[in-house]
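The next block holds one structure in the form of structure tokens; read it before the comments.
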Number of protein chains: 2
Amino acid sequence: MNTNFDMQNFILDFSNSCQKQQKKIFSKNEVVTTYIKNRNQLCILLDGHADLVRYDLNGNRTIVEHFSKNALFGEVFYTITTNNELLVEAKSNCTVLFYIYDDIFHKCKNNCKFHQTLSENLPQLILNKVTDLNMRIELLTKRSTRDKLLGYFSLLSTRNLSKSFELPFSLTDLADYLSVDRSAMMRELKLLKEDGFIQKIGNRIILLYK
Amino acid sequence: MNTNFDMQNFILDFSNSCQKQQKKIFSKNEVVTTYIKNRNQLCILLDGHADLVRYDLNGNRTIVEHFSKNALFGEVFYTITTNNELLVEAKSNCTVLFYIYDDIFHKCKNNCKFHQTLSENLPQLILNKVTDLNMRIELLTKRSTRDKLLGYFSLLSTRNLSKSFELPFSLTDLADYLSVDRSAMMRELKLLKEDGFIQKIGNRIILLYK
DNA sequence: TATTTTCCGTTGCAAAAGCAACACATTATG
DNA sequence: CATAATGTGTTGCTTTTGCAACGGAAAATA
């Protein structure tokens, strides 16, 4: 199995070769899918950005996950226990492939090359998702808003191989992602600037500490 | 592939048939493993309970995950970015199988039945881990200590198919698991009792709401 | 381009959570 | 069995966070 499996090329080659999938295109702010118990949908984001969003009974909005190119999502990854609404919202124009997980799992009758390759590579793809989720948990378990912000910035910095990077969120969305109040986060952001930890120019953050 | 793959029976049948694994036994409070960058260890907990614990620079202790029988863990699931210490502590006597992930992935030279079955079932096993992590994220994104407690209790209640259940943690550990201050959590627990949401007898919680 | 909508930045005040400390109970351990 | 270590329950005080509200900037839309 290849750790560096190239999803994008693979998809381009095979995405039209199987009957058991649906390809759809969404424009910004459209709802890509809603999580429904027992349907076991699995989706692949071919292009664009989308967020998994939860609205709870207190009216709080939480960005549970942020998806970019090649991300996997769908209720197959989620045990839906509460009555909270879970939906995936397109943050830009998106191209999405839809499957029912069992179809991938059991392969389709045609035994097509697409399904074969995908099911071979599924463990690695899902494993990537696990490491993403663990990073998210590391962020969320930080005890203060300051540590959450610094933790998230440090993650983006590592990903971009630079102390300077663009935020992939609006500040409103960032607060919903870190699961904190927006105004409290703005206050902390201001303190981080005043204390010389960061610089912020438009949507760009520059880390000033070693 | 079988969703109800019986790990335990499988392990019992095959756990001695492959060279590329190590089986070890730990007693309570021993360190099962420490997460080390790039080693890509994968472990299976055959029996007992263990916690993945993180100690951060502020001296806070966080229980990142709680493992019971058949749980998968190891740094293969974790991108180690920070300098925080990550270790798995046995909470009771434990039996653990150790692998290097690549050995499972690429199958061992013998092409033994054990590896074959395990790699066939790995997607489903990892998928279970994903759903667990998503439940954990749902808990951690709750905004108040009260909601975290109620969320966790409701989860245990669902798992035990009963409004009454034992806590798998000491209260000290529960606070570290929910990522809140212990004394603040105790205060909230008291309020939940006073407000008639729960009853607590020893280590047992009884949910009193519909 | 005019107008509506969303986002940013800020603040005062209230509520929640964290910190530190302590007594007592329970559980391990020599 | 005595003693040490760990866990529980509580409280006063401080700090952090959340809530509500507002004006202006920026972006989307008609």
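We use all heavy atoms of the structure for the numbers below, so side chains are in, but hydrogens, waters and symmetry mates are not. The chains referred to below are lettered A, B, ... by the order of the sequence lines, with proteins before strands, and numbering in each begins at 1. On a predicted model such as this, the values are computed, not experimentally measured, just so you know.
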Item checked: Candidate pair A/Arg61 and A/Asp173, rule salt bridge (charged side-chain N to carboxylate O under 4.0 Å, His left out), full reasoning -> CA-CA 9 Å; A/Arg61 174 177 179 272; A/Asp173 283 358; 3.1 Å; yes

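- Residue side chain A/Ser170 does not reach the base of C/dC7 through any donor-acceptor N/O pair under 3.5 Å, judged by distance alone.
- B/Arg146 comes within 4.0 angstrom of no nucleic acid atom, judged by non-hydrogen atoms across all strands.
- Protein atom CG of B/Leu171 is 13 Å distant from nucleotide atom C1' of C/dT26, rounded to whole Å.
- Cation-pi geometry between A/Lys129 and A/Phe77 is satisfied (NZ or CZ under 6.0 Å from the ring centre, within 45° of the ring normal).
- If you measure from atom CG of B/Leu189 to atom C1' of D/dT8, you get 11 Å, rounded to the nearest angstrom.
- Within the 4.0 angstrom heavy-atom criterion, no nucleotide atom of any strand lies near B/Lys193.
- Between B/Phe67 and B/His49, the gap from one ring centroid to the other reaches at least 6.0 Å.
- A/Arg61 places its CZ atom 12 Å from the P atom of C/dT6, with the value rounded to the nearest Å.
- If A/Ser183 and A/Arg143 are placed on DNA chain C by their nearest nucleotide, the residue sitting closer to the 5' end is A/Ser183.
- Figure legend: cation-pi geometry between B/Arg54 and B/Tyr35 absent, as NZ or CZ is not positioned both under 6.0 Å from the six-membered ring centre and within 45° of its axis.
- At a cut-off of 3.5 angstrom, counting only N and O atoms as typed in the model, there is no donor on one side facing an acceptor on the other between the side-chain of B/Thr145 and the base of C/dA16.
- A/Phe169 places its CZ atom 13 Å from the P atom of C/dC8, with the value rounded to the nearest Å.
- As judged by a 4.0 angstrom heavy-atom cut-off over every strand, B/Lys200 is placed among residues touching the sugar-phosphate backbone only.
- If you check D/dG9, D/dA21, C/dC7 against the side chain of A/Arg182, the one that comes closest is D/dA21.
- Closest contact between the side chain of A/Val180 and the listed nucleotides D/dG18, D/dG12, C/dG9 involves D/dG18.
- In the set D/dT10, C/dC8, C/dA17, C/dA17 carries the atom at the smallest distance from any side-chain atom of B/Ala184.
- Residue contacts for B/Ser144: at a heavy-atom cut-off of 4.0 Å it reaches the sugar-phosphate backbone alone, with no base atom in range.
- Residue B/Lys28 is in sugar-phosphate contact alone, with no base atom involved, counting any heavy-atom pair closer than 4.0 Å across all strands shown.
- At whole-Å resolution of the value, CE in B/Met186 and P in C/dC22 are 18 Å apart.
- Between the C1' atom of C/dC8 and the CG atom of A/Asn203 lies a distance of 12 Å, rounded to the nearest Å.
- Not a single donor-acceptor pair, N or O on each side, falls under 3.5 Å between the base of C/dC7 and the side chain of A/Thr172.
- At C/dT11, one or more side-chain N or O atoms of A/Lys190 fall inside 4.0 Å of OP1 or OP2 (strictly under the cut-off).
- The separation between B/Asp181 atom CG and C/dA15 atom P is 21 Å, rounded to whole Å.
- A/Tyr177 carries A/Arg136 over the face of its six-membered ring, with the cationic atom under 6.0 Å from the centre and within 45° of the normal.
- Between the P atom of C/dG18 and the CG atom of A/Asp147 lies a distance of 12 Å, rounded to the nearest Å.
- Residues A/Ile198 and A/Leu189 are in side-chain contact: their nearest non-hydrogen atoms beyond the backbone lie under 4.5 Å apart.
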